[in-house]
Enquirer: 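Please see the structure below; I have some questions.
Keep in mind that the numbers below use all heavy atoms, side chains included, and drop hydrogens, waters and symmetry copies.
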Amino acid sequence: MIYTVTFNPSLDYIVRVDDFQLGRVNRTDEEIIYAGGKGINVSIVLKNLGFDSTALGFLAGFTGMEIQRLMECQGIHADFIHVQEGISRINLKLRSREESEINGQGPKIGEEDIRKLYAKLDDLKDGDILVLAGSIPPVMPESMYMDIMKYLEKKKLRIVVDATGDLLVNVLSYHPFLVKPNNHELGEIFGVELKKRDEVVEYAKKLQDMGAGNVLVSMAGEGAVLVAEDGAVFGSGAPKGTVVNSVGAGDSMVAGFLAGFMASGDYQNAFEMGLCAGSASAFSEKLATKEEVETIRTSHKFE
């Protein structure tokens, strides 16, 4: 079973206003509302690709109930902890001549809520996959990812970490199965600027030396690189297409990688599925579907 954890889910409210005017009443030309958060995105794309998962995390208030409803409507097992104080956040994404975002704060998560999460993690069994994705809300300990991995270290799990900076570095000693920084985030860890794929490979191997298993690095228009735990290295330019929405593309890459690996146990297949799933989401208003991923994979020439 695959489990995803989203500590601060959201209702993403996307509005398009062709000519937004500050200080005036504006009318929307288009509106979309969907459940958001990095772990939730991974669960959605996994479902689209034919793989079930259980979505864990924290919800609160009427917005939390709507997030749960939206997840269940898509056939995803949503096993969230319902927090008493506050509401799940609403993230406003305004698309006009320029794109702007206003992200909500989220509910107050207490120690008892965290204990309930650990109780759910106790149900994970050897061979399961756990995806830890996104930032930690200010109301929670900054060491949360590391604490979870330490708590689970006696279980034979494949743990995926999609985080940045110290959140990522601090978990490497617990040997995550997969980490997925982008090239800028990888460069920031080591204080360098990484633009070329061979440079990315060099520093991805440094993450492996620090404890990571597979290192999947997204490079936006330059494609992606995978340094696999068996020593293989895969790289490819980006598939051709028009970027419509980059939100969720990295999460889709993680989901695609896991779907490809679960289907075959082959890292090349996992890499290709990850690259195409990330691109499919970037080229679409919504998250990647199986048909979109397969169309890109058929047409893209991998290097």
Enquirer: Run the side chain to side chain contact (heavy atoms under 4.5 Å, CB included) test on Glu199 and Asn183 for me, step by step, so that the C-alpha distance in whole Å, both residues' side-chain angles and the decisive distance to 0.1 Å come before the verdict.
Expert: CA-CA 9 Å; Glu199 297 172 338; Asn183 58 308; over 6 Å; no

Enquirer: Please find the pair of heavy atoms, one from Tyr3 and one from Asp123, that lie closest to each other, and give the distance.
Expert: OH-O, 4.5 Å

Enquirer: Looking only at side-chain N and O atoms, does Ser53 offer a donor or acceptor that is under 3.5 Å from a partner on Thr4?
Expert: no

Enquirer: If only side-chain N and O atoms count, and only distance matters, is there a donor-acceptor pair under 3.5 Å linking Gln21 with Asp19?
Expert: yes

Enquirer: Spell out, as yes or no, whether a donor-acceptor pair under 3.5 Å connects the side chain of His175 to the backbone of Ala212.
Expert: no

Enquirer: Tell me whether Glu285 is salt-bridged to Arg16, with the criterion being a basic N under 4.0 Å from an acidic carboxylate O.
Expert: yes

Enquirer: What I want to check is whether the side chains of His300 and Ser279 have a donor and an acceptor closer together than 3.5 Å.
Expert: no

Enquirer: Using every non-hydrogen atom in the two residues, find where Ile67 and Ser88 come nearest and quote the distance to one decimal.
Expert: CD1-CB, 3.8 Å

Enquirer: Less than 4.0 Å between a side-chain N and a carboxylate O, is that true for Lys155 and Glu153?
Expert: no

Enquirer: Going hydrophobic residue to hydrophobic residue with side-chain gaps under 4.5 angstrom, can you get from Leu157 over to Val5?
Expert: yes

Enquirer: So, the side chain of Asn41 versus the backbone of Asp251: is there a donor-acceptor pair under 3.5 Å, distance only?
Expert: no

Enquirer: Please tell me whether Lys180 and Ser218 have a donor and an acceptor in their side chains that are separated by less than 3.5 angstrom.
Expert: yes

Enquirer: Do Val17 and Glu30 have side-chain heavy atoms sitting under 4.5 Å apart?
Expert: no

Enquirer: Between the side chains of Arg69 and Glu66, is the shortest nitrogen-to-carboxylate-oxygen separation below 4.0 Å, so that they form an ion pair?
Expert: yes

Enquirer: State whether the side chain of Gln208 and the backbone N or O of Ala228 hold a donor-acceptor pair below 3.5 Å, judged by distance alone.
Expert: yes

Enquirer: Under 4.0 Å between a side-chain nitrogen and a carboxylate oxygen: does that hold for Glu272 and Arg297?
Expert: yes

Enquirer: Dump the intermediate steps for side chain to side chain contact (heavy atoms under 4.5 Å, CB included) on Thr295 and Val293, then the final yes or no.
Expert: CA-CA 5 Å; Thr295 297; Val293 174; over 6 Å; no

Enquirer: How are the rings of Phe7 and Phe58 set relative to one another: parallel (under 30°), tilted (30 to 60°) or perpendicular (over 60°)?
Expert: parallel

Enquirer: Quick one, Asn8 and Pro107 - any side-chain contact, counting heavy atoms below 4.5 Å?
Expert: yes

Enquirer: Membership question, hydrophobic clusters at under 4.5 Å side-chain separation (ILVMFWY): are Leu275 and Val244 in the same one?
Expert: no

Enquirer: Examine Leu94 and Ile90 and state if one hydrophobic cluster contains both, with Ile, Leu, Val, Met, Phe, Trp and Tyr joined whenever side-chain heavy atoms are less than 4.5 Å apart.
Expert: yes

Enquirer: Are side-chain N/O atoms of Thr28 and Glu31 paired as donor and acceptor at under 3.5 Å?
Expert: yes

Enquirer: For the side chain of Asp128 and the backbone of Met1, is there at least one donor-acceptor N/O pair under 3.5 Å apart?
Expert: yes

Enquirer: Hey, can you tell me if Phe190 and Tyr203 have their rings parallel, tilted or perpendicular (30° and 60° cut-offs)?
Expert: tilted

Enquirer: Might you point out which heavy atoms bring Lys38 and Ala133 nearest each other, and give the distance in Å?
Expert: CB-CB, 3.6 Å

Enquirer: Testing the basics here: between Arg89 and Gly106, what is the closest heavy-atom pair and its distance to 0.1 Å?
Expert: CB-N, 3.7 Å

Enquirer: Assess, by modelled atom type and distance only, whether the side chains of Tyr145 and Asp166 contain a donor and an acceptor separated by less than 3.5 Å.
Expert: no

Enquirer: Would you check if Tyr174 and Lys150 make a side-chain contact, meaning some heavy-atom pair closer than 4.5 Å?
Expert: yes

Enquirer: Is the shortest side-chain heavy-atom distance between Leu287 and Ser252 below 4.5 Å?
Expert: yes

